[in-house]
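Single-structure report; data block below.
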Amino acid sequence: MIDLKLLEKDFDNIANKLKKKKVDENLLSNLKDKFSLLKSKKSILEELQAEQNKKSKLFPTYKKEGKDIALLKKELEENKKKIQDANEIVREIEEDLKQIALNIPNIPDDEVPKGEDEEDNIEIKKVGVLPQFDFTPKEHWDLDSEQNIIDFKRGVKLAKSRFSVLKGVGARLERALINYMLDFNKQRGFEEVVVPYIVNKDSLQGTGQLPKFADDLFKIENEELYLIPTAEVPVTNLFRDEILNEEELPIQLTAYSACFRKEAGSAGRDTRGMIRQHQFDKVELVCITKPEQSDEVFNKMVSCASDLLTSLGLPHRLVELCGGDLGFSAAKTIDLEVWLPGQNKYREISSISNTRDFQARRAMIRYKNGKKNLLTNTLNGSSLAVGRTLIAIMENYQKEDGSFDIPEVLQKYMA
RNA sequence: GGACAGAUGGGUGAGCUGGCUUAAACCACAUCCCUGCUAAGGAUGCGUAGGAGUGAUCCUACCGAGAGUUCGAAUCUCUCUCUGUCCGCCA
């Protein structure tokens, strides 16, 4: 959530920064005014409450001294009505304020490039050598036209479009990749956790998926529960409403989970193949840090994911997202895009974000710094999207007859 | 899913016949003092959020969550959530 005190103090600067994310300045000034209004109405309420408290305490002494309490009582009854009215006003403003504030995205870092959409993202570097073929490389669905590895037809039969079934080598490769990624991340200092795939509203609000992006989530009928769109939600919310010890930071975790997304806004995009599914596997990295640690940890996460791709022999590039393409909660994001020879394109396989204190403020994740409780920073990133890694292997390691090799590092996991 | 019991600060835990509670006490923790060595004792401080003030300090809210009764609620009433125990079901 946006820091309302900062908004009040430094309005022009923040409004200017949020232009990169296309936030309307009028909305922000409205928010700022509401915040000031709330403070003044609240102090009126508190004065009334103070009076009520003070005078209520007179009753025992009045009774002891045998004084008449009728007048005092009448006075307090009237004051009580004033309190109720004032309370109603404060509550309305608070509700209103919260609705606006929760829908304002994070402020991008200063060095985030300006831009509208993914066309304006900046390539930072390319890693690895593109594979050369003396035939025309195929897309993954053409490599497996019999659907012996990825069975899209039956996935649809079981659920609906954008679901699939992995079989044989496909199923084993998926599991091998998950295990390999978790082991790799562990070696880099990330501790593994296993978390629920269903979470409540508070958790989703903490990481920023709610209230704004309810349409992207699968909701459990008749319950305030949702399937997770990413392990980032449960893993980050592990520390919601907690005050951590300074010494335990940075916390560096990794988790495998299935992820569930409605893909509401992407009708018609990537309808073929494994790229965009309603259910997919992902190994995630989540870090909770002190603010001054988060840039260093961010870089560590990026190199972890990039080195993982390199170790699998997958050429890729690092791309810094421009303001317009940045996610709701992110202050800065670097995407890793893997080379898909069948598509002759780089495609996103990992997205690593520093949310600074945006999620921490929503989820109240703090740490004790001497006497003060300060907000942490939270970071998250994929390492990696497993299904996309699987097809990247199929396409990059393909042979003319449609078969493909398994990267060396995975072979012991396939035994 | 059914029955019963419970939810109080970092932990344990009293208060729960409404106002002498400003949430006791103990433990843990921090600083200091005394002592002088398989240790012991003492003093002070020690929840969260918001607000006012240069500051000491003061005000408001919070005893699982939300509503209600009352001049006044940790304490009474209702609803919900969660935890424990027993039963049922289940990998």
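In the text below, chain A, chain B and the rest are named by the order of the sequence lines, each starting its count at 1. All values derive from a computational prediction rather than experimental measurement.
Using a 4.0 Å heavy-atom distance criterion, A:Lys5 is classed as a sugar-phosphate-only contact. Among the protein residues, A:Arg91 comes within range of the sugar-phosphate backbone only, with heavy atoms under 4.0 Å from sugar or phosphate atoms but none that close to a base.
The NZ-P distance, from A:Lys98 to B:rG50, rounds to 16 Å in whole Å. Between the CD atom of A:Glu78 and the P atom of B:rG72 there is a distance of 13 Å, rounded to whole Å. Atom NZ of A:Lys201 and atom C1' of B:rA65 are 14 Å apart (whole Å). A:Lys41 places its NZ atom 22 Å from the P atom of B:rG50, with the value rounded to the nearest Å. Atom-to-atom, NZ of A:Lys9 to P of B:rG51 comes out at 12 Å; the value is rounded to the nearest Å. Rounded to whole Å, the distance from CD on A:Glu247 to C1' on B:rC29 is 12 Å. In this structure, A:Lys81 places its NZ atom 14 Å from C1' of B:rU70, rounding to the nearest Å. For the pair A:Gln84 CD and B:rA67 C1', the computed distance is 13 Å after rounding to whole Å.
Ion pairing of A:Glu75 with A:Lys55 is present here, as a side-chain N (NZ or NE/NH1/NH2) and a carboxylate O approach within less than 4.0 Å. Looking at A:Asp215 and A:Lys262, no side-chain N of the basic residue comes within less than 4.0 Å of a carboxylate O on the acidic one, giving no salt bridge.
With A:Thr207 contributing its side chain and A:Ser203 its backbone, the two residues share a donor-acceptor pair below 3.5 Å. No donor-acceptor pair under 3.5 Å is formed between the side chain of A:Arg347 and the backbone N or O of A:Glu337. Side chain of A:Gln398 to main chain of A:Glu395: a donor-acceptor pair is present (N/O by atom type, distance under 3.5 Å, no hydrogens or angles).
The side chain to side chain donor-acceptor pair (under 3.5 Å) test applied to A:Lys290 returns A:Glu246, not counting sequence neighbours. Residues passing the salt bridge (Lys or Arg N to Asp or Glu O under 4.0 Å) test with A:Lys34, sequence neighbours excluded: A:Asp96.
Taking atom P in both B:rA23 and B:rC46, the straight-line distance is 13 Å, to the nearest Å. A distance of about 24 Å separates the P atoms of B:rA28 and B:rU35, rounded to the whole Å. Rounded to the nearest Å, the gap between the P atom of B:rU75 and that of B:rA65 is 11 Å. B:rU21 and B:rC62: their C1' atoms are spaced 16 Å apart (whole Å). Rounded to whole Å, the separation between the C1' atoms of B:rU69 and B:rG55 comes to 43 Å. Comparing B:rC71 with B:rA24, their C1' atoms are spaced 27 Å from each other, to the whole Å. Nucleotides B:rG13 and B:rG6 are separated by 14 Å at their P atoms, to the nearest Å. Of the P atoms belonging to B:rG64 and B:rG9, the separation is 7 Å, rounded to the nearest Å.
Base-pairing analysis of RNA chain B finds the following stems of at least three consecutive Watson-Crick or G-U pairs, with both pairing distances under 3.5 Å: B:1-7 with B:81-87, B:10-12 with B:25-27, B:29-33 with B:41-45, B:47-52 with B:57-62, B:64-68 with B:76-80.
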N/O-N/O pairs, protein side and nucleotides 44-48 of chain B side, under 3.5 Å:
unit_1 : atom_1 : unit_2   : atom_2 : d
B:rU48 : OP1    : A:Lys368 : NZ     : 3.2
B:rU48 : OP1    : A:Asn373 : ND2    : 2.9
B:rU48 : O3'    : A:Arg366 : NH1    : 2.9

Check the interface with nucleotides 19-21 of chain B: list each N/O to N/O pair with the protein under 3.5 Å, or write none.
unit_1 : atom_1 : unit_2  : atom_2 : d
B:rG19 : O6     : A:Lys63 : NZ     : 2.9
B:rG19 : N2     : A:Ser56 : O      : 2.5

Are any protein N/O atoms closer than 3.5 Å to N/O atoms in nucleotides 55-63 of chain B? If there are, list each pair with its distance.
unit_1 : atom_1 : unit_2  : atom_2 : d
B:rU60 : OP1    : A:Asn53 : ND2    : 3.2
B:rU60 : O2'    : A:Gln49 : OE1    : 2.8
B:rA61 : OP1    : A:Asn53 : ND2    : 3.4
B:rA61 : OP2    : A:Asn53 : ND2    : 3.4

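Side-chain contact annotation: A:Asp325 with A:Asn121, donor-acceptor N/O pair under 3.5 Å present. For the 3.5 Å distance criterion, the side chains of A:Glu284 and A:Ser257 fail to qualify, holding no donor opposite an acceptor. For the residue pair A:Ser56/A:Asn53, the side-chain donor-acceptor check at 3.5 Å is not satisfied. No side-chain N or O of A:Asn354 forms a donor-acceptor pair with one of A:Lys332 less than 3.5 Å apart. Under the 3.5 Å distance criterion, with hydrogens and angles disregarded, no donor-acceptor pair is assigned to the side chains of A:Glu224 and A:Asn200. Under the 3.5 Å distance criterion, with hydrogens and angles disregarded, no donor-acceptor pair is assigned to the side chains of A:Arg366 and A:Thr376.
Nearest heavy atom pair, residue A:Asn148 against residue A:Lys167, reads O-CB, 3.4 Å. Minimum interatomic distance between A:Ser353 and A:Thr333 (heavy atoms only, all atoms of both residues): OG-OG1, 2.7 Å.
Taking for each of A:Glu77 and A:Phe35 the nucleotide of RNA chain B with the nearest heavy atom, the 5'-most of the two is the partner of A:Phe35.
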